[in-house]
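To start, the structure itself, in structure tokens.
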Amino acid sequence: MSGSATHEPRQLLPALPLAALFLAAFVLPLIVLVFISLFRTPQFLELSPIQYVKFFRDQFSVTVLLETLLLGAEVAMLSLLLAYPIGLAYLGSGKIGRALITFLIILPLLTSSVVRTFAWIVILGRDGIVNSTMLTLGLWDSPARLLYTWGGLVVALTQIQLPLMALPVINSLLRLNPNLVKAAEGLGAGRFRIFFTVVLPLTVPGAIAGWLLVFAAAATAFITQTLVGGGRIVLMPSYIYQQAVGVQDWPFSAALSLIFTVAVIGIVFLVGTTSRRFARGIDAV
Amino acid sequence: MSNTRGHALALEGVGHAFGSTIALEDVSLSIAAAELIALLGPSGCGKTTMLQIIAGFLRPTKGEVLFDGNRVERIPANRRRIGMVFQNYALFPHLSVFENVAYGLRARKTSSAIVKTRVAEMLDLVQMGGFASRLPGQLSGGQQQRVALARALAIEPGLVLLDEPFSALDKNLRLDMQIEIKSLLKGYGVTSIMVTHDQEEALSMADRIVVLNKGRIEQIDAPDALYDRPASLFVNSFIGHANFLRGSVTADDCVRLAAGPEIRLAKSTQHCRGSAVVLSVRPENISLVDSNKPGAIPITVRATMPLGSVNVVEGVTPTGEAVKINQARLSSIAHARVGSGAWVAINDMTAVGVFSAPAETFSVNGAKEF
Ligand SMILES: Nc1ncnc2c1ncn2[C@@H]1O[C@H](COP(=O)(O)OP(=O)(O)OP(=O)(O)O)[C@@H](O)[C@H]1O
Ligand SMILES: [Mg+2]
């Protein structure tokens, strides 16, 4: 990534509308949010950073934040584990196989996340597909609780966010020089060695991109978290919603939003920069 | 160091088709241990395909590959012990020079002490000892190539395959690397096959040259033999420069050239009387002469180029055949003025090739440009 950073002012002109939109739709609300979060009480009376102190003093709030980040990380990890077999299958397929895999990956993106979430409710529910199958087969004596559990939530979010991981991973795999794999094979390496010493390290950029996308998307997936997680699992998005709409404590929910945003962006930044150091030399593929 | 660590290699009736494209058709050849073979042919003639089949990356649609007389179809690529040098070297960009060379040893679970000494030994062999910790991206083309060769040789291969190993190097470096790699491979005593579409490279490096055309072997021979006694018009036009003169057979050992004179051949031809033939004459076997010499061919001079030790004269016969003459510097070429007429004659009739004329209107002089 050695693109020069010197741009003629005129070259930046086409980017202006986007910059304006970014300013109006992201930066301005953020400034408003910062402003709101600095009030002491929900009545907007007195300026003070008390909301932030309140957050970090409150064990419950901190736990909610950490669990939300953990959820994002778990979903991203699981997606990563699934994306490589899919990507390798794609690489090894002919034209028809590739078209089919692409279609299956794109398909979830074409349905709304509300629909996909309801599909998971049908699958995981007490009378859902999983329970009825296991009961019919006699493998379980009584229906297990799958919906409103952490595991169910991770699985559902993984399926919903998987395209964000699979596409960049496939893209990296396609850009991998096939002669490198042949070179490794010719030197005597078996499949696993080739994967872990050549394929994986050289597709790290795609994996990181996918990981970050899935992480951010899963951690902030309000609808899926709320519907599949139910009321039992409190995570940042629903916590913010509850504080803002239910309790009507705008300053605190603004502070929650900002802390959450900073935490997600911070992790994205951290993972992005540290992993780039691992990926040294890969540009030369 | 034993001097024949290489496998003897044989292909028997090997063919390969990609769908309906036939890349390789019924190729048979045998290569002795420690021989250096160049695989020469125009683009798309199946060179890479043949290499991939030998290496085990492609399974031939028919035929057998044998190492030391044993069939290898059941041996996967990662157990064939073949050192492969790829066109753009295919060094692992994320691994240091050391780790690149060590890769094959580690894959064979060699102890790390042995890996260390062996890699150092290989890097010294290719004079890259001081670069062990560099990444491939921090090396020049020639250095990368040396590392690629060290990596291939580190596994003590029975066979080294090089796919256009010099194509990414500039001309001066190419010559140096050709000499260096030839002596390395020879000194190492390994059987090697080098793909190239550069005939000079093949001529200067190989013990024997395999000329491939459209998936078939045209000729297998030593460089001299290939140059002096090409088996086909294709080989003749592909190896070195040749002038092609059309004519028809008038007697057992006589050909009347389209350009004018009747020429007596060194020995009688197998072509029957009246059949159309093409005579191939190397530029160094033809010279400017006086008009009264028997067999002299009239030309119009189009260009003269003083190229150091020789003067190259380019002319065209009345029938439009281009003629190139390499004239020794000493001889006078005063009468070869651009645009003027001149006469040329063949010096040595024994070095003239006689081929039956191709049926289609095949531009023999353009045959090198595929
Ligand atoms: N994977 C493939 N699928 C289909 N056709 C192929 C494939 N690889 C090669 N071919 C075809 O097989 C023929 C031989 O290809 P090959 O790569 O062996 O040529 P080559 O002699 O190495 O040429 P070059 O000098 O350009 O590298 C060509 O016609 C090519 O188009
Ligand atoms: Mg090739």
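Protein chains get the first letters and strands the later ones, always in sequence-line order, with residue 1 at the start of each. Quick note: numbers below take in every heavy atom, side chains included, and nothing from hydrogens, waters or symmetry partners.
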Got [X] and [Y] here, is their nearest side-chain heavy-atom distance under 4.5 Å?
X: A/Pro201; Y: B/Leu95; result: no
X: B/Phe92; Y: A/Asn177; result: no
X: B/Tyr103; Y: A/Thr197; result: yes

If we define contacts as heavy-atom pairs under 4.5 Å, which of B/Gly56, B/Ala55, B/Ala107 has the most with chain A?
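Result: the option with the highest number of such pairs is B/Ala107.
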Which residue out of B/Arg79, B/Arg106, B/Met84 racks up the most heavy-atom pairs below 4.5 Å with chain A?
B/Arg106
Contact class of [X] relative to chain A, heavy atoms under 4.5 angstrom:
X: B/Gln52; value: side chain
X: B/Ala77; value: both
X: B/Arg108; value: side chain
X: B/Leu91; value: backbone

Check this for me: [X], atom [atom1], are more than 12 non-hydrogen atoms of other residues, nucleotides or ligands nearer than 6.0 Å?
X: B/His197; atom1: NE2; result: no
X: A/Ile96; atom1: CD1; result: no
X: B/Lys62; atom1: NZ; result: yes
X: B/Phe18; atom1: CZ; result: yes

Minimum heavy-atom separation for [X] to [Y], with atom names?
X: B/His94; Y: A/Leu202; value: ND1-CD2, 3.4 Å
X: A/Lys182; Y: B/Phe57; value: O-CZ, 3.2 Å
X: A/Leu180; Y: B/Ala90; value: CD2-O, 3.3 Å

Applying side chain to side chain contact (heavy atoms under 4.5 Å, CB included) to A/Leu187 and B/Ile155, what does each step give before you reach the verdict?
CA-CA 7 Å; A/Leu187 288 167; B/Ile155 60 170; 4.0 Å; yes
B/Asn78 side chain to A/Ala189 main-chain N or O, any donor-acceptor pair under 3.5 Å?
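Judged by distance alone, yes, a pair lies under 3.5 Å.
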